[in-house]
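Data first, discussion second: the structure below is written as structure tokens.
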Amino acid sequence: MRTKGLQDLHGGRRFHADEALACFLLKQLPRFKDAKIIRTRDPDVIESADIVVDVGAICDPERNRYDHHQRDFHETFTKKHQTKLSSAGLVYKYFGEEIIELFCNGISKEDLKTIYNVLYERFIEGIDGNDNGIKQYGDAIPLYQSNTDLPSRINFLNPEWNEEQDVNFDELFQKAMGLVGQELMCHLNFLLKSWLPARSIVIDALNNRFAVDQSGLIVELTRNCPWKSHLFNLEKELGLQEKELPLYVIYECDGSWRVQAIPLHEQSFTLRKGLPESWRGLRAEELSKVSGIPSCIFCHATGFVGGNKNKVGAFEMAKTSLKLPET
């Protein structure tokens with residue numbers, strides 16, 4: 001049995017994150033576990049392979065052909081997604097649920113589908129977008145550079161243009177597979193062990209928000225947990241209108257309490273309503289004096305989070321913030 005990975009589209013022996021991830025995913029399946037990965041452009045070798053990714057100019061799942069470089073290829077993960085698939089996304093789309101189930105013995109079908117969709121959006125889609133040259137922020141000019149992303153780290157495994165090219169690319173590709181595999185498993189373990197169990201906590205908190213405060217704009221978590229994505233999803237499921245959206249979340253953290261302003265969306269640094277400008281950057285007694293609330297610990301300089309020694313104080317910080325203008 002043979003599978004093949006691929007050099008990049010422009011030729012040579014260099015590799016990208018998408019084919020490394022595609023091969024890692026396939027190697028998790030029992031039927032491909034012992035398959036030999038052959039990195040080649042030889043048409044005869046490609047034709048004889050059991051499964052082909054990222055090369056061959058054919059996308060045909062029934063024949064186990066998964067290339068995405070064709071001019072007429074526009075497949076996405078689902079109809080709601082706009083990001084064109086790379087070889088990683090293609091393999092994940094057709095084998096992802098089966099692979100996840102191998103690591104999640106006894107998981108319900110509903111939870112399996114949830115993890116499958118969320119893992120794509122949190123991890124795989126970024127690989128697809130990067131490989132296909134899709135801008136993450138449209139035409140906006142980034143305010144700073146970030147070159148520590150996974151595709152960049154994979155690219156650094158390749159020799160530079162002015163270094164000796166007579167290296168063992170197969171060994172380097174194995175390192176790339178190990179790197180993307182480790183990253184994938186970190187994300188999957190987080191979703192299974194931390195993110196998914198948090199959903200019920202956020203559901204209860206959102207349903208009980210009017211018992212916390214009659215405005216319904218303050219949400220209290222019984223435990224600190226990964227809450228943001230669940231909150232935004234549940235708000236959509238409940239059909240909440242803009243004026244009904246909660247503004248603050250309070251929760252216990254390391255023996256004290258936090259009040260956190262809710263952002264516009266999970267990846268946003270812009271807040272629905274930040275803590276008051278007059279509090280920002282203040283600490284302890286100074287913050288308590290300005291706010292009129294005892295036992296304050298701090299307010300972040302951006303107004304996204306504040307702390308109090310007890311629950312009553314955190315609640316008062318949230319309730320007072322509802323009444324005061326942000327600036």
Side-chain angles (χ1 to χ4, degrees), residues 2-30 32-40 51-55 66-69 77 83-96 98-100 102-104 115-116 118-134 136 145-195 267:
R2 294 180 294 178
T3 72
K4 65 155 287 300
L6 175 66
Q7 318 93 314
D8 66 77
L9 178 62
H10 304 292
R13 294 166 291 178
R14 297 175 66 86
F15 46 80
H16 291 155
D18 71 312
E19 62 258 33
L21 180 55
C23 289
F24 175 84
L25 287 167
L26 289 171
K27 292 285 278 185
Q28 306 314 301
L29 295 167
F32 295 130
K33 180 180 179 181
D34 298 319
K36 181 180 180 181
I37 298 175
I38 304 174
R39 304 184 64 242
T40 182
I51 185 166
V52 178
V53 299
D54 212 54
V55 71
Y66 300 97
D67 194 10
H68 67 106
H69 294 109
F77 187 61
T83 305
K84 188 174 79 168
L85 298 175
S86 68
S87 59
L90 273 168
V91 169
Y92 186 78
K93 180 174 182 177
Y94 292 99
F95 298 95
E98 182 182 356
I99 292 168
I100 292 172
L102 293 172
F103 294 98
C104 313
I115 296 295
Y116 170 68
V118 173
L119 184 59
Y120 177 76
E121 294 178 352
R122 293 178 70 102
F123 183 70
I124 309 289
E125 188 171 16
I127 305 295
D128 289 343
N130 179 277
D131 190 74
N132 285 304
I134 300 172
Q136 188 175 7
Q145 291 190 30
S146 177
N147 297 304
T148 59
D149 56 274
L150 185 58
S152 294
R153 301 203 305 275
I154 294 300
N155 190 51
F156 287 143
L157 292 175
N158 289 289
E160 300 297 339
W161 65 273
N162 54 354
E163 292 181 332
E164 176 60 53
Q165 302 294 307
D166 188 19
V167 297
N168 190 325
F169 276 88
D170 289 338
E171 288 185 2
L172 294 176
F173 188 73
Q174 290 295 325
K175 289 183 179 180
M177 286 177 57
L179 183 56
V180 296
Q182 182 181 38
E183 193 94 3
L184 174 77
M185 295 310 300
C186 284
H187 282 265
L188 180 57
N189 286 333
F190 165 76
L191 291 176
L192 290 170
K193 297 178 180 179
S194 178
W195 181 86
Q267 304 300 325

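Computed from a prediction, not measured in an experiment: that's the story for all the values here. Just the heavy atoms: all of them, side chains too, but no hydrogens, waters or symmetry mates, feed the values below.
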Open item on the list: Checking side-chain contact (heavy atoms from CB on, under 4.5 Å) between Phe103 and each of Ile115, Asn189, Leu188, which is the one that passes?
Closed with: Leu188

TODO: Can you see which heavy atom on Leu21 is nearest to which on Ala88, and at what distance?
DONE: CD2-CB, 3.8 Å

Task: Side chain Asp18, main chain Gly89, donor-acceptor under 3.5 Å - done: no

- [ ] Report yes if the side chains of Leu184 and Ile124 come closer than 4.5 Å at any heavy-atom pair, otherwise no.
- [x] yes

Task: Test item: side-chain donor near acceptor, Asn132 and Ser86, under 3.5 Å - done: no

Open item on the list: If you count every heavy atom of other residues, nucleotides or ligands that lies below 6.0 Å from Glu163 atom CD, does the total exceed 12?
Closed with: yes

Task: From CG (Asn158) to CD (Gln165), nearest 0.5 Å - done: 8.5 Å

- [ ] Measure the CD1-CZ distance between Ile99 and Phe32 for me, rounded to the nearest 0.5 Å.
- [x] 10.0 Å

Open item on the list: Checking Val118 against Phe123 for the side-chain contact (heavy atoms from CB on, under 4.5 Å) test, could you report, in this order, the C-alpha distance in whole Å, the side-chain angles of both residues, the deciding distance, and whether it holds?
Closed with: CA-CA 8 Å; Val118 173; Phe123 183 70; over 6 Å; no

Task: Backbone of Leu85 reached by a side-chain donor or acceptor of Glu125 within 3.5 Å - done: no

Task: Non-hydrogen side-chain atoms of Pro159 and Leu172 separated by less than 4.5 Å - done: yes

Open item on the list: Treating Gln182 as the side-chain partner and Leu179 as the backbone partner, does any N or O pair qualify as donor plus acceptor under 3.5 Å?
Closed with: no

Task: Student check: side-chain heavy atoms of Leu90 and Val53 closer than 4.5 Å - done: no

Open item on the list: Is the terminal nitrogen or CZ of Arg39 (NZ for Lys, CZ for Arg) located under 6.0 angstrom from the six-membered ring centre of Phe173 and within 45° of that ring's axis?
Closed with: yes

Open item on the list: Given 3.5 Å as the limit, does a donor-acceptor pair link the side chain of Lys27 with the main chain of Lys33, or not?
Closed with: yes

Task: Passing option when Asp128 is tested against Tyr92, Phe77, Tyr120 for side-chain contact (heavy atoms from CB on, under 4.5 Å) - done: Tyr120

Open item on the list: Set out, in order, the CA-CA distance, both residues' side-chain angles and the distance that settles side-chain contact (heavy atoms from CB on, under 4.5 Å) for Asn155 and Arg14, then state yes or no.
Closed with: CA-CA 8 Å; Asn155 190 51; Arg14 297 175 66 86; 2.9 Å; yes

Task: Close side-chain approach of Asp67 to Val52, heavy-atom, < 4.5 Å - done: no

TODO: State, yes or no, whether a side-chain contact exists between Ile37 and Met177 at a heavy-atom distance under 4.5 Å.
DONE: yes

Open item on the list: Atom CD of residue position Gln136 - does it have more than 12 heavy atoms of other residues, nucleotides or ligands inside 6.0 Å?
Closed with: no

TODO: Mark yes or no for whether Gln28, through its side chain, and Phe24, through its backbone, hold a donor-acceptor pair below 3.5 Å.
DONE: yes

- [ ] Mind listing the closest non-hydrogen atom pair of Ala22 and Ser87 along with its distance?
- [x] CB-O, 3.7 Å

TODO: Calculate, to the nearest 0.5 Å, the distance between atoms CZ and CG belonging to Phe156 and Asn147 respectively.
DONE: 6.0 Å

Task: CG-CG distance between Leu192 and Leu119, expressed to the nearest 0.5 angstrom - done: 9.0 Å

Open item on the list: Looking at every non-hydrogen atom in both residues, tell me the closest pair between Pro151 and Asn130 and how far apart they are.
Closed with: CB-OD1, 3.3 Å

- [ ] Report the C-alpha distance between His187 and Glu183 in whole Å, list the side-chain angles of each, state the deciding distance to 0.1 Å, and finish with yes or no for side-chain contact (heavy atoms from CB on, under 4.5 Å).
- [x] CA-CA 6 Å; His187 282 265; Glu183 193 94 3; 4.1 Å; yes

Task: 4.5 Å side-chain heavy-atom contact, Leu29 and Phe95 - done: yes

Task: Side-chain heavy-atom pair Lys93, Tyr116 within 4.5 angstrom cut-off - done: yes

Task: side-chain hydrogen bond (donor to acceptor under 3.5 Å, both in side chains) evaluation trace for Asp131 with His68 - done: CA-CA 10 Å; Asp131 190 74; His68 67 106; 3.2 Å; yes

